[in-house]
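Here the structure comes first, spelled out in structure tokens, and everything after it is commentary.
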Amino acid sequence: MPPAGEGGAPVGYDPAAVEEKWRARWTERATNRVDLAGGERPFYQLMMFPYPSAEGLHVGNLFAFTGSDIHARFRRLQGHTVFQPLGYDAFGIHSENYAIKVGLHPMRLIPRNIANFRRQLDRAGLMVDWSQSVDTTDPSYYKWTQWVFLQLYNHGLAYKKKAAVNWCPSCKTVLANEQVVAGACERCGTLVEQRLLEQWFFRISDYAERLLNNLSTLDWSDTTRTAQRNWIGKSEGAELRFAAGTAGHIEVFTTRPDTVFGATYMVLAPEHPMVDALTTPAQRADVEAYRLRASKQDLVARRVNKEKTGVFTGSHAINPATGQPIPVWIADYVLMDYGTGAIMAVPGHDERDFEFATVFGLPIVRVVAGEGEDAATPLATAFVENEKGRLVNSASFDGQTVADAKRAITAWLGEQGAGKSVVNYRLHDWCISRQRYWGPPIPIIYCDACGAQPVPEKDLPVVLPDIEDYRPDDSGISPLARHAEWYHVACPKCGKQGRRETDVSDTFLDSGWYFLRYPSATRGDVAFDAEITRKWLPVNTYIGGNEHAVLHLLYSRFITMVLHDMKHIGFEEPFTKFRAHGLIIKEGAKMSKTKGNVVNPDQFMDRWGADAFRTYLMFLGPYEEGGDFRDAGISGVRRFLDRLWLATTEATKDGAPDEGVMRKLHQTIRKVGVDIPRLSYNTAIAALMEYMNTLRKGERSPHHAEVEPVVQMVSPFAPHVAEELWEQLGHSKSVFDSGWPSFDESLAREDSVQLAVQVNGKLRGTLTVPVGITQDEALALAQAEANIAKFVTGAIRKVIFVPGRLLNIVV
RNA sequence: GCGGGGGUGGCGAAAUGGUAGACGCGGGGGACUUAAAAUCCCCUCCGGGCAACCGGGUGCGGGUUCGAGUCCCGCCCUUCGCACCA
């Protein structure tokens with residue numbers, strides 16, 4: 001515990017008192033309030049908003065927020081008007097499941113969680129403008145989420161279709177493909193089944209190409225951009241038509257049209273719509289049995305069981321290249337939701353087809369030969385190397401390279417109306433329907449006479465009713481359908497009785513536009529104000545977890561692009577710069593309640609103070625890498641703040657600042673100023689500690705001018721104590737309005753340096769030399785040094801001189 | 001299987017191709033103190049040596065270079081994504 005003051009001596013650092021004082025002062029002075037209309041040099045610093053869990057804020061949240069906060073405060077010190085809002089992403093299955101579990105209605109639970117979060121967030125000293133917050137579950141927010149839905153609906157970008165969807169039998173809800181991890185529910189781990197339901201989709205796949213192309217223009221971490229690129233999964237190839245008698249034509253997507261002469265059979269996904277027509281009476285029983293099995297099988301079983309299975313339909317199709325009939329099979333290794341749901345199988349040049357052909361004894365034909373091979377060289381495995389391959393067994397295309405043949409064969413088949421070049425994307429349309437309670441109702445009304453009608457904008461929001469039986473059941477119909485007084489509503493077009501859509505929308509829609517809402521959060525009349533949006537968006541720097549690298553960020557980009565195309569906003573990319581913070585783990589595992597390794601930040605802030613805890617989290621390691629949380633070492637950071645306190649309270653205005661200390665100071669200003677924008681917080685803190693060691697060396701009492709800048713530099717990390725010390729230094733305004741200390745190159749310059757001297761690349765000594773020393777002078781000094789000279793045996797062949805760093809004598 | 005991180009002291013970690021281990025924790029010793037706390041000073045990669053110094057050292061094996069933790073090739077381990085995507 002800090003010592004009590006005696007006889008007018010300075011009182012030691014008491015974080016609890018300091019932090020309480022400044023929390024109150026910031027509120028009273030509205031220090032964090034932003035003048036959105038008038039602020040100069042606007043800078044929008046955004047952090048991903050949290051889901052307010054019942055467990056409260058955990059160390060991982062705090063790590064993420066603190067990193068953003070430091071950047072925001074730094075930009076403010078540099079003279080920007082910084083807008084850093086924060087809100088709550090509180091709809092969704094998380095809350096609902098938890099509510100069901102503890103038997104507390106989400107409408108009662110969420111406000112309680114939010115209040116607790118707010119308390120913890122306030123304590124952490126974040127520079128957040130709480131007058132501009134959002135809560136996705138507040139009707140004043142989701143009114144506009146529904147408005148966003150209507151924008152897409154009105155422009156043909158929202159549609160309904162019956163689709164095989166992932167159904168979690170435990171959560172009793174539909175999951176997006178992205179929420180299915182290895183065939184199991186992302187949230188509860190239960191194996192997912194397939195169900196056919198009417199679902200609302202957004203046509204994000206129409207935007208695949210733009211979403212892909214714009215990536216190169218964004219200042220985002222490479223890992224994030226790569227993840228998005230892979231997710232979009234652009235693949236160039238051809239769509240080929242295989243005539244299948246009375247059943248029609250089977251369309252396939254292939255990236256290897258050059259191998260069409262080697263297509264010896266075809267495979268359709270079991271769910272493919274042409275299967276019925278293709279199945280012959282003799283095969284029907286087998287085909288039906290296989291399809292039934294496939295439909296019962298979830299994705300896991302399909303993937304875990306790698307052995308190829310399948311059934312012959314009894315029909316044949318004509319290979320458009322060879323004119324030969326080839327059998328048509330169904331097999332679950334072909335997926336209905338990629339390409340056309342059907343493939344031409346080229347066992348000679350595709351590993352999966354090879355395996356299947358081997359199992360069922362189907363013919364394997366070589367149509368590409370590698371170096372030293374010819375048309376007759378047997379295939380022990382699929383030959384997939386295509387760089388040096390030449391076509392064989394392919395009629396007039398023999399001898400062509402793979403690349404040439406791709407073009408030539410596609411063109412040739414195109415002339416016959418049997419093929420065309422296509423680009424295929426892995427990205428699917430975004431299913432936004434959820435047959436659950438805890439979300440914004442989708443604003444659609446069904447009328448027997450008029451069909452589906454959008455809810456008129458003036459009738460928004462469609463308020464989620466406060467009902468007691470909100471639990472989902474096994475019917476696949478939303479709980480909202482059970483409430484007649486809500487469900488029945490007049491058709492907005494004809495006025496007759498209609499029915500409301502009972503699905504609610506995906507939480508990714510809530511978070512897909514929230515950054516647009518913050519600056520206009522107090523506006524009841526519009527989703528976002530045009531002028532304010534023009535001034536503040538796009539977001540300058542966005543910080544969040546890489547677990548949202550694909551979904552949230554991609555959906556946000558999509559919504560932004562759509563709103564741009566509708567002229568609601570003037571930009572099409574929402575986040576100019578994005579950086580993913582690392583993950584804080586504990587004992588080698590991600591913190592989770594089930595693992596019982598969640599660290600509650602309250603206890604650390606109690607013991608060490610919020611400032612020390614913030615600084616410690618940032619000192620743990622590189623911000624973008626995260627790290628293992630352990631409390632060893634927090635004392636070092638606290639000691640640093642204690643020493644800063646002592647240095648400041650002892651600072652004197654007598655005399656002049658020390659030249660050497662000022663040199664170190666300016667070197668520190670330079671380093672910290674470079675490190676913070678790079679989010680290299682750990683090294684910035686190390687530099688500040690180094691400066692503190694210089695400042696306090698030998699218990700010297702520092703000069704005011706030596707201390708003031710360090711208080712400013714520490715302030716992004718430890719805002720409360722910095723404010724207190726700034727005040728003690730005689731300032732009446734907030735340290736955050738004091739500017740960033742100015743850097744003077746001439747004051748940072750050293751007049752002598754340590755020069756490493758090597759002989760044949762091995763370090764043999766160091767010399768202290770004047771900064772501007774020439775190579776010859778340095779060489780002479782080195783040779784005069786016995787410990788160095790003794791290694792210089794024989795004639796000097798070469799000398800490498802790196803001014804200010806090293807001299808290497810090669811003999 | 002494919003793709004991206006990452007392997008450096010007892011620990012967390014630093015290092016534009018240029019003195020490996022800054023900064024911090026932990027450990028050891030000392031000053032101050034009646035004593036303790038706080039503060040300040042010194043030591044702390046490994047081996048050898050009283051020391052000056054010498055040798056070795058960044059997962060493993062090669063290579064490029066005057067010089068490699070850093071670049072190149074081939075492996076091993078680890079971690080996170082994606083995964084029968086035609």
Side-chain angles (χ1 to χ4, degrees), chain A residues 1-3 12 181-182 221-227 229-231 233 235 237 252-256 259 267 299 302-303 305-308 331-335 337-346 349-353 355-356 424-427 546-547 549-550 582-583 585 588 590 616 619-622 624-625 627-637 639-640 642-643 646 680 682-693 696-700 754-767 786-787 790 797-802 804-811:
Chain A
M1 283 290 106
V181 177
S221 337
D222 282 337
T223 52
T224 312
R225 289 191 297 175
T226 303
R229 230 170 251 130
N230 292 342
W231 192 263
S235 170
V252 303
F253 173 74
T254 179
T255 55
R256 296 295 306 275
T259 63
V267 185
L299 296 157
R302 274 196 180 193
R303 277 168 203 173
N305 184 4
K306 286 265 183 184
E307 287 124 56
K308 294 286 181 286
D332 65 3
Y333 83 95
V334 172
L335 309 175
D337 56 7
Y338 184 76
T340 61
I343 62 158
M344 65 174 198
V346 184
H349 304 283
D350 182 281
E351 283 165 9
R352 299 151 300 182
D353 297 345
E355 196 189 326
F356 189 82
N424 193 50
Y425 299 92
R426 212 188 68 119
L427 182 68
N546 226 357
E547 68 273 18
V550 176
L583 214 59
I585 55 177
K590 188 176 170 177
Y616 175 62
F619 188 59
L620 220 48
E624 291 177 74
E625 285 172 34
D628 203 356
F629 183 83
R630 55 190 79 194
D631 49 8
I634 189 166
S635 61
V637 170
R639 196 138 45 216
F640 166 69
D642 283 333
R643 277 148 47 89
L646 282 169
S680 189
N682 55 332
T683 54
I685 294 163
L688 290 164
M689 287 173 165
E690 252 184 90
Y691 178 64
M692 192 56 56
N693 290 341
R696 300 273 303 158
K697 188 98 179 163
E699 288 182 276
R700 64 186 288 276
Q754 292 282 304
L755 190 72
V757 181
Q758 300 181 337
V759 178
N760 288 338
K762 270 190 183 316
L763 183 73
R764 295 303 180 186
T766 55
L767 298 172
N787 276 327
K790 71 183 181 191
R797 292 199 294 131
K798 194 173 174 184
V799 176
I800 315 281
F801 182 64
V802 183
R805 298 223 74 132
L806 110 167
L807 179 76
N808 187 9
I809 303 166
V810 185
V811 294

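Note that this is a predicted model, so its numbers are computed, not measured. Letters go in sequence order (proteins before strands), and every chain restarts at 1.
Under the Watson-Crick or G-U wobble criterion, with both distances below 3.5 Å, B/C45 is paired with B/G56. In a base pair of the Watson-Crick type (N1 to N3 plus N6-O4 or O6-N4) or a G-U wobble (N1-O2 and O6-N3), with each distance short of 3.5 Å, B/C40 is matched with B/G30. Across all strands shown, nothing is found opposite B/C84 as a Watson-Crick or G-U wobble partner with both distances under 3.5 Å.
When distances are taken from the side chain of A/L335 to each of B/C23, B/A86, B/U39, the shortest belongs to B/A86. Here the side chain of A/R426 is nearest to one of B/C23, B/G26, B/A83, namely B/A83. Nearest to the side chain of A/Y333, among B/G12, B/U19, B/C84, sits B/C84. Out of B/A14, B/G3, B/A20, the shortest distance to the side chain of A/L763 is found at B/A20. Side-chain proximity of A/W231 to the nucleotides B/C84, B/A86, B/C82 is greatest for B/C82.
Across the C1' atoms, B/G69 and B/A13 are found 14 Å apart, a figure rounded to whole Å. As rounded to the nearest Å, B/A51 and B/G67 have C1' atoms that lie 30 Å from one another. Of the C1' atoms belonging to B/G81 and B/C46, the separation is 39 Å, rounded to the nearest Å. A distance of about 16 Å separates the P atoms of B/U58 and B/G63, rounded to the whole Å. Remark: the separation of the P atoms in B/G29 and B/A37 is 13 Å, to the nearest Å. Only the C1' atoms considered, B/C11 is 14 Å distant from B/U44, to the nearest whole Å. Across B/C45 and B/C66, the matching P atoms stand 32 Å from one another, rounded to whole Å. The same atom, P, is picked in B/A22 and in B/U33; the two are 32 Å apart, to the nearest Å.
A/R805 has no side-chain polar atom (N or O) that falls below the 4.0 Å cut-off from OP1 or OP2 of B/U16. A/R639 has no side-chain polar atom (N or O) that falls below the 4.0 Å cut-off from OP1 or OP2 of B/A37. At B/C54, none of the side-chain N or O atoms of A/N787 fall inside 4.0 Å of OP1 or OP2 (strictly under the cut-off). A/R696 has a side-chain polar atom (N or O) that falls below the 4.0 Å cut-off from OP1 or OP2 of B/C40. Within the structure, every side-chain polar atom (N or O) of A/R229 is placed at least 4.0 Å from both OP1 and OP2 of B/G3.
Between the CZ atom in A/R805 and the CD1 atom in A/I800 there is a gap of 15.5 Å [rounded to 0.5 Å]. To the nearest 0.5 Å, atom CD1 of residue A/I685 and atom CZ of residue A/F619 are 7.0 Å apart.
Checking A/E625 against A/T340, the closest nucleotide of RNA chain B that is more toward the 5' end is the one next to A/E625. Remark on RNA chain B: of its neighbouring residues A/S680 and A/Y338, the 5'-side contact belongs to A/S680, judged by nearest-heavy-atom nucleotide.
If you check the side chains of A/N230 and A/R426, you find no donor sitting under 3.5 Å from an acceptor. Under the 3.5 Å distance criterion, with hydrogens and angles disregarded, no donor-acceptor pair is assigned to the side chains of A/D631 and A/Y616.
A donor-acceptor pair under 3.5 Å is formed between the side chain of A/N760 and the backbone N or O of A/V811. Within the 3.5 Å criterion, the main-chain N or O of A/T223 finds no donor-acceptor partner in the side chain of A/S221. A/D353 places a side-chain N or O within donor-acceptor distance of the main-chain N or O of A/V346, the cut-off being under 3.5 Å.
Among the protein residues, A/T766 comes within range of the nucleic acid bases, having at least one heavy atom under 4.0 Å from a base atom. Among the heavy atoms of the strands, none lies under 4.0 Å from A/D222. Within the nucleic acid shown, A/N546 has no heavy atom closer than 4.0 Å to any nucleic acid atom. In this structure, A/R764 reaches the sugar-phosphate backbone alone: every heavy-atom distance under 4.0 Å involves primed, P, OP1 or OP2 atoms, never a base.
A salt bridge links A/D222 with A/R225: at least one charged nitrogen is closer than 4.0 Å to a carboxylate oxygen.
A cation-pi contact, defined as under 6.0 Å to the ring centre and within 45° of the axis, is absent between A/K308 and A/F356.
The nearest whole Å value for the distance from the CZ atom in A/F629 to the P atom in B/G24 is 20 Å.
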Protein proximity profile, nucleotides 61-69 of chain B - base contact B, sugar-phosphate-only contact S, no contact -, cut-off 4.0 Å on heavy atoms = -----B---
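For A/K697 and B/C41, a side-chain-to-base donor-acceptor distance below 3.5 Å is absent, hydrogens and geometry of angles not being considered.
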